[in-house]
Participant: 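Handing you a structure now.
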Amino acid sequence: VRALLGALLVAIALPALGTPEGVRVFERVERSETAMNSIPLDEWIWESSELPHNWYANRPDPPQVWYRLRFVLDHAPYTGYSLYLARLHVLEFVVYVNGTRVWKLTDHYARGAALTAVLIAVPKHLLHKGENEIHLRAIGMPHWYHGLSRIQFGDTKLLAERAGMRRLIQGEMIHIVAGGFGAVGLLALWLWMRGGRDPVLFWYAMSGVSLFVFSALWYLTLWRDEASAIRQGLVFLRFNGYLMPLLILHLRLARLRLPWLEGALWLALGAAVASTSIASGWQWFAWSICGIAFAALPAFFVLPLVRSRELRRLPAVIVLLVADIAAALLNLHDWALRFGYVEFGRPYLIYFVPPFVMLAAAVPIIERLMAGVAATRRMNIELEQRVAAKAGELEAGYEKLRRAQRESALAEERRRIMADMHDGLGSRLVSLLSVAQSGRARVAELSDGIAAALDELRLTVDSVQPVEGDVGVVLGNVRHRMRSVFERAGIHFLWNVSALPRMDDLTPERILAIQRIFLEVFSNALKHSGARTVAVSAARVPGAVQIVIADDGRGFDSSAVHPGNGLANLQLRARQAGGTLAVESDAGKGTRVTVSLPLTDGGPIDWPESRREKDVYPVSGISPEASNA
Amino acid sequence: MEAPGKGPVTIALVEDDDEARGRLAASIRSDSSLQLIGEYRTGGAALAGIASASPDVFLVDLGLPDMAGLEVVRQIAARHPSCDILVVTIFGDEKSVIGALEAGARGYLLKGGLEHDIAEDIRHLRSGGSPLSPVIARQVLKRLVPARPSAAERSQLTPRETEILNAIARGFSYAETAELLHLSPQTVHTHLKNVYKKLAVHSKTEAVFEADRRRLL
């Protein structure tokens with residue numbers, strides 16, 4: 001923006017800059033209005049005229065003006081000389097130096113150069129010491145304003161610099177700026193297509209692109225051949241295309257949604273472009289529309305001021321105000337320039353309005369964007385807070401539920417343990433007490449009874465130890481408890497417990513039942529069977545975990561055995577453990593007890609070890625010495 | 001661990017119940033390879049007495065009148081790293097045993113009915129490690145090995161230690177475990193001692209982690 005403002009100041013100040021040494025400036029010229037197409041004689045009517053000179057081509061026949069410059073050179077030229085015209089607004093232009101034609105310009109408008117500087121080289125050999133004479137023939141368009149700026153004559157190098165600067169400001173810079181806006185416009189268009197379909201973004205994109213349309217031709221250096229109607233329309237669009245979007249921006253800033261008015265404005269712009277495209281005779285229509293639009297600008301400006309008293313929109317309003325004032329001033333300047341009220345040589349400044357307008361348009365977009373970002377952030381924070389609150393509520397609810405569940409489980413467990421102690425430990429202690437009170441109790445009997453009661457108590461404690469659904473741990477624990485008893489009895493184990501599937505429904509009640517089965521089978525083996533070896537294997541079979549306890553003791557004839565208390569008790573325990581039990585025995589062939597615990601859903605047990613295959617240990621290699629350790 | 005024939009194993013014990021203490025002492029005295037050098041009734045007395053006595057084995061009852069048995073274990077383990085601390089418990093349940101192991105105990109003794117068991121168990125423990133019940137082995141595994149091994153949460157146990165604990169958790173005796181894994185019983189004991197150390201360290205780092213989490217540090 002600062003660079004643009006600087007360029008603008010330079011552009012305004014440039015015509016007022018001093019004239020460099022070696023450059024002659026013609027402020028007066030002799031003029032002759034004649035249709036003659038060869039140089040008019042000295043005797044013809046020559047009027048003195050001030051430069052810059054504006055003239056209106058009001059005649060139907062080829063409107064033409066001849067200019068004559070006379071000057072004296074002190075010496076024959078020893079450097080390159082040129083004629084420099086800051087601005088030349090004619091259709092055709094021919095230059096004669098001392099009677100010889102040196103330069104001819106036709107269809108000046110078509111070259112898109114009507115507003116840019118003209119630098120005409122004067123051949124050295126045509127100039128001589130003393131009096132010299134230059135004739136200029138200017139042909140205009142009927143009913144158009146034409147003009148000639150002050151003519152500068154002198155060192156080519158110096159004048160070329162000036163011409164270059166002028167071209168940059170009036171011709172090229174606007175294209176470069178327009179190129180930038182075109183790119184921004186395309187970006188805005190892409191954003192508009194991508195999301196939101198925000199109308200402000202759309203017309204911002206349209207403004208940027210329309211500004212770029214004409215410049216695109218300059219970029220491509222195309223369209224140099226004719227003054228086509230479409231080109232005229234594009235030129236018009238280039239100068240005035242931003243005007244309607246600007247008015248609509250005013251409406252939007254004022255929070256006014258008036259589709260009919262917006263439509264009418266777009267229609268007017270379209271009509272203006274079309275009218276300039278149809279024929280040059282309709283130029284007045286297009287320019288009138290622009291004039292009305294500019295006249296309406298202050299009214300439109302008042303709207304946002306009146307309607308939006310919110311401080312939040314103040315930056316947008318201020319930027320818009322600056323853009324409006326700039327547009328009005330620069331347009332006023334150009335209007336005056338066009339109709340001859342200011343010095344003809346001055347540049348058109350209308351080009352420098354679009355940057356202001358685009359800036360003014362960008363401010364509400366940025367503002368909206370920022371507001372959007374802020375709103376999103378606010379919403380995110382709010383959402384997070386709400387989620388956190390909800391999560392807290394849920395957590396509290398779960399906690400309540402968990403506590404209730406835990407309490408109910410605890411109560412259930414307490415009830416079970418109490419019942420268990422009542423039936424097991426309690427009844428054992430009662431019978432021990434009665435034996436002790438009878439006074440004829442033997443010490444061995446009593447200590448056996450008390451040891452059994454202690455075992456019972458340990459069993460109950462063990463049943464609530466964490467085993468994580470692993471039957472293997474339950475079996476191992478029973479073995480561990482009975483280790484010293486078995487060692488003393490000289491019985492050794494063949495232990496073959498492989499990795500077992502996890503049983504999530506292994507409750508303390510079931511664990512206790514399993515432990516009791518084991519204790520009973522083990523103590524049978526210890527006390528009655530006379531076994532030397534007890535083999536325990538536990539493995540997964542389809543749909544169940546199967547535990548087999550076999551001894552090499554005396555055994556019994558299972559067919560002859562009437563369902564006694566011991567066997568019935570084991571069956572009851574098996575049912576409590578949620579499984580089935582089978583006993584096979586033959587006299588002299590040992591006893592084999594098989595317990596099956598069905599699996600509800602059998603995944604492999606969740607061993608915290610990666611090398612799970614190692615879990616299946618063979619037992620055949622175990623020596624009696626080793627297992628007795 | 002003492003080599004056999006290097007003189008009797010010196011033992012100190014703390015137990016508040018006079019009768020129980022008497023039984024323990026009698027059991028130890030009855031064994032010629034053991035020498036009782038200190039009996040204490042309270043944790044405070046034990047800590048004071050041990051400072052000069054420096055026994056090979058120290059038996060601690062967990063339920064003491066003046067201070068928690070675990071605290072006695074923790075202090076003695078810190079001051080006498082060479083002393084084998086054994087916890088005496090009725091049930092050998094998971095909670096008290098794991099707590100004792102984490103505090104620095106090397107094993108536990110079950111208060112049984114028959115006194116000679118105690119002396120035998122002490123000799124057994126002295127000659128290599130303590131018998132770990134399957135429940136305890138399972139809990140140690142659970143504590144030191146993450147359920148799902150990931151890069152961030154590595155197992156604190158070596159594969160060998162994990163194998164040993166797995167076998168013990170399924171009821172295999174030490175000797176069987178050694179046989180299964182083609183190791184000597186001595187190696188199994190060494191591995192288990194390392195596991196105990198890791199358990200104690202683990203409990204400390206957990207405490208630090210917990211303190212850090214609660215912004216206590």
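Letters A, B, ... are given to chains in the order of the sequence lines, protein chains preceding strands, and every chain is numbered from 1.
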Participant: Looking at every heavy atom in both A:R479 and B:G171, which two are closest together, and how far apart are they?
Facilitator: NH1-O, 2.8 Å
Participant: Return yes when atom CD of A:E399 has more than 12 non-hydrogen atoms of other residues, nucleotides or ligands closer than 6.0 Å, and no otherwise.
Facilitator: yes
Participant: Identify which of A:D462, A:L457, A:V474 forms the greatest number of heavy-atom pairs closer than 4.5 Å to chain B.
Facilitator: A:L457
Participant: So, for B:F172 and A:W495, which heavy atoms are closest and what is the spacing to 0.1 Å?
Facilitator: CE2-O, 3.2 Å
Participant: Looking only at non-hydrogen atoms, find the nearest pair between B:R138 and A:V467 and report the distance.
Facilitator: NE-O, 4.2 Å
Participant: Under 3.5 Å, side chain of B:R170 to main-chain N/O of A:G472, donor-acceptor pair present?
Facilitator: no
Participant: Below 4.5 Å, heavy-atom pairs only: which of B:A178, B:P185, B:P134 has the largest tally toward chain A?
Facilitator: B:P134
Participant: Within a radius of less than 6.0 Å around CZ of A:R402, do more than 12 heavy atoms belonging to other residues, nucleotides or ligands occur?
Facilitator: yes
Participant: Under 6.0 Å from the CZ atom of B:R21, do we count more than 12 heavy atoms belonging to anything else shown?
Facilitator: yes
